[in-house]
Amino acid sequence: MNEPVIITCAVTGGMTVPSQSPFIPVTPAEIIDEAAAAHEAGAAIIHLHVRDPRTGAPSADPALFEEVLTGIAERCDAILQPTTGGGIGMTIEQRADVLSRFRPEMATFNAGSINFGLFGILDRQLDLADWERDYLESSRDYVFRNSFANLEFMCEQVRAAQTKPEIEIYDVGQINNVAHLLDAGLLTPPLHLQFVLGVLGGNTADLDQLLHMLRTAERRLGQGGFTWSAAGVGYRGEFGLATASLLLGGHVRVGLEDNLRRTPTEMAGSNAELVAKAVQLARLLDRPPIGPAEARSILGLKGSSATAIGAGSAT
Ligand code: KMH
Ligand code: ZN
């Protein structure tokens, strides 16, 4: 088991609020710098959200995506993977907009509806802005909606954009949704799965949960019928699942979107710090991290020149 490993860095996200850490990149320039540094540290894929540069609130603004995607593409040849998950309150059309506008090589594809409870952050005695408090509290009555109609719409959008979906799976039952979409010819194999564990509303970030989801995917989607990665929420989740995934032959996702700590007691000062830790783990476990070119070959991606990033596409 010394297969190369693809490291993804999720640099800012839409689950956290800036008051949780001064190191969460907010403005386009901060996100671009963080992404370039994360790539330099060993991340082949950069998973991207954007935020209102004034407040730090999650945003779906195509102009912000244009600035961030173009800015990173000018700095490195990392595989750019914008979110279609967005943030609380965004419509499915807003979420999918990045696909038709930028025709990215990859984008996330959320495989089912779940509760997405972020309100626990309110118990952490943080000095929150009003919008942050409201945003976190709103998650108490929020369902991250991905109905079958939404999934069919998203399948059509990724197909039309010739984008490889990274299928985000939060709960083992969503694997059946994926099998249904595959059987219906709405998803094209080979699939790339991201087991996202530790969201309040989905499976917990534990080894037995990862194994259960992996074995279920092998049964329902065919052993070897997919590549996969694991993303854990929180410090223990992120590096516990990274270690497990490295041992099980999967790929790894780290970054401030999912975890703000470099150690149990120390905040991560940057995304690059988290990527560097993942690189160390990978090397210790004889899974050499690879760059974007090899990752494209493993994932069957179309290449950055086949995207509409940097083509003034947000006009
Ligand atoms: N923040 C992760 C828990 C997406 O952006 O589409 C979920 C995620 C999915 O990254
Ligand atoms: Zn995300």
Side-chain angles (χ1 to χ4, degrees), residues 8-17 20-21 24-25 31 34-35 38 43 45-51 57-60 64-65 68-69 79-92 94-99 102 104 106-118 120-121 135-136 139 142-146 150-151 153-155 157-158 163-171 174 177-178 192-205 209-210 213 228-238 241-242 251-260 271 274:
T8 296
C9 185
V11 295
T12 191
M15 294 194 312
T16 57
V17 292
Q20 290 179 253
S21 166
I24 297 171
I31 294 170
E34 278 286 290
I45 300 175
I46 303 294
H47 169 67
L48 288 159
H49 294 241
V50 290
R51 291 178 182 263
S59 168
L64 290 172
F65 270 113
V68 165
L69 290 166
I79 297 161
L80 305 184
Q81 182 200 83
T83 179
T84 67
I88 292 176
M90 294 180 196
T91 66
I92 193 80
Q94 283 174 317
R95 291 167 44 192
D97 187 51
V98 288
L99 296 167
F102 305 109
M106 294 187 89
T108 59
F109 178 104
N110 290 275
S113 303
I114 59 163
N115 292 339
F116 219 105
L118 306 176
I121 297 169
Y135 184 78
L136 296 170
S139 72
Y142 172 65
V143 176
F144 182 32
R145 191 176 193 276
N146 295 287
N150 295 152
L151 296 175
F153 169 76
M154 218 38 112
C155 284
Q157 295 298 306
V158 296
T163 294
K164 173 119 181 173
E166 177 184 272
I167 300 173
E168 314 293 309
I169 298 178
Y170 304 84
D171 179 296
Q174 294 178 348
N177 299 350
V178 176
H192 183 60
L193 310 181
Q194 181 76 257
F195 297 117
V196 183
L197 277 74
V199 171
L200 179 59
N203 284 47
T204 54
Q209 299 296 315
L210 177 64
M213 291 167 89
W228 64 277
S229 177
V233 174
Y235 171 79
R236 192 181 60 81
E238 181 155 284
L241 289 188
H251 300 289
V252 167
R253 169 167 137 168
V254 295
L256 293 174
E257 171 164 344
D258 304 320
N259 163 49
L260 298 173
N271 281 283
L274 297 176

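Note that ligands are numbered from 1 as they come in the structure, with each ligand's atoms numbered from 1 the same way. Scope of the values below: all heavy atoms of this structure, side chains included, with no hydrogens, waters or symmetry mates. Treat the numbers as computed from the prediction; the structure is a model and nothing was measured.
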Return the orientation label for the F65 and F102 ring planes: parallel under 30°, perpendicular over 60°, tilted otherwise. tilted
Of the backbone and side-chain N, O or S atoms of E257, does one lie nearer to the Zn ion (ligand 2) than 2.8 Å? yes
Which ligand 1 atoms, with their elements, are less than 4.0 angstrom from a heavy-atom of V199? 3 (C)
For H49, atoms of ligand 1 separated by under 4.0 Å from a heavy atom: 5 (O)
Heavy-atom nearest option to atom 2 (C) of ligand 1, drawn from R253, H47, Q194, E168: R253
What residue and atom, counting heavy atoms only, is the protein's closest point to atom 6 (O) of ligand 1, and at what distance? T108 OG1, 2.6 Å
Would you indicate whether the side-chain heavy atoms of F109 and N146 approach each other to under 4.5 Å? no
Tell me whether the rings of F116 and Y170 are parallel (<30°), tilted (30 to 60°) or perpendicular (>60°). perpendicular
Please find the pair of heavy atoms, one from I92 and one from M154, that lie closest to each other, and give the distance. CD1-CE, 3.6 Å
Nearest heavy-atom approach of T16 to T12 is OG1-O, 3.8 Å
What residue and heavy atom of the protein are closest to atom 4 (C) of ligand 1, and at what distance? T83 OG1, 3.2 Å
Under 4.0 Å from a heavy atom of V196: which atoms of ligand 1 are those, numbered in the order shown and with their elements? 3 (C)
Contacting atoms of ligand 1, where contact means under 4.0 angstrom from a heavy atom of D258: 1 (N), 2 (C)
Ranked by distance from atom 3 (C) of ligand 1, the top protein heavy atom is M15 SD, 3.4 Å
heavy-atom search around atom 1 (N) of ligand 1 in the protein gives E257 OE2, 2.6 Å
Is Y170 near ligand 1, meaning one of its heavy atoms is under 4.0 Å from it? yes
Shortest non-hydrogen contact from D258 toward G232: CB-O, 3.6 Å
Check whether any side-chain heavy atom of L210 lies under 4.5 Å from a side-chain heavy atom of W228, and answer yes or no. yes
Just give me the atom name: the N, O or S atom of H47 closest to the Zn ion (ligand 2). NE2
Minimal heavy-atom distance between A107 and T84, with the atoms involved, is CB-CG2, 4.1 Å
A38 and N271: which non-hydrogen atoms are nearest, and at how many Å? CB-CB, 4.4 Å
Are any of the N or O atoms of G85 closer than 3.5 Å to those of ligand 1? yes
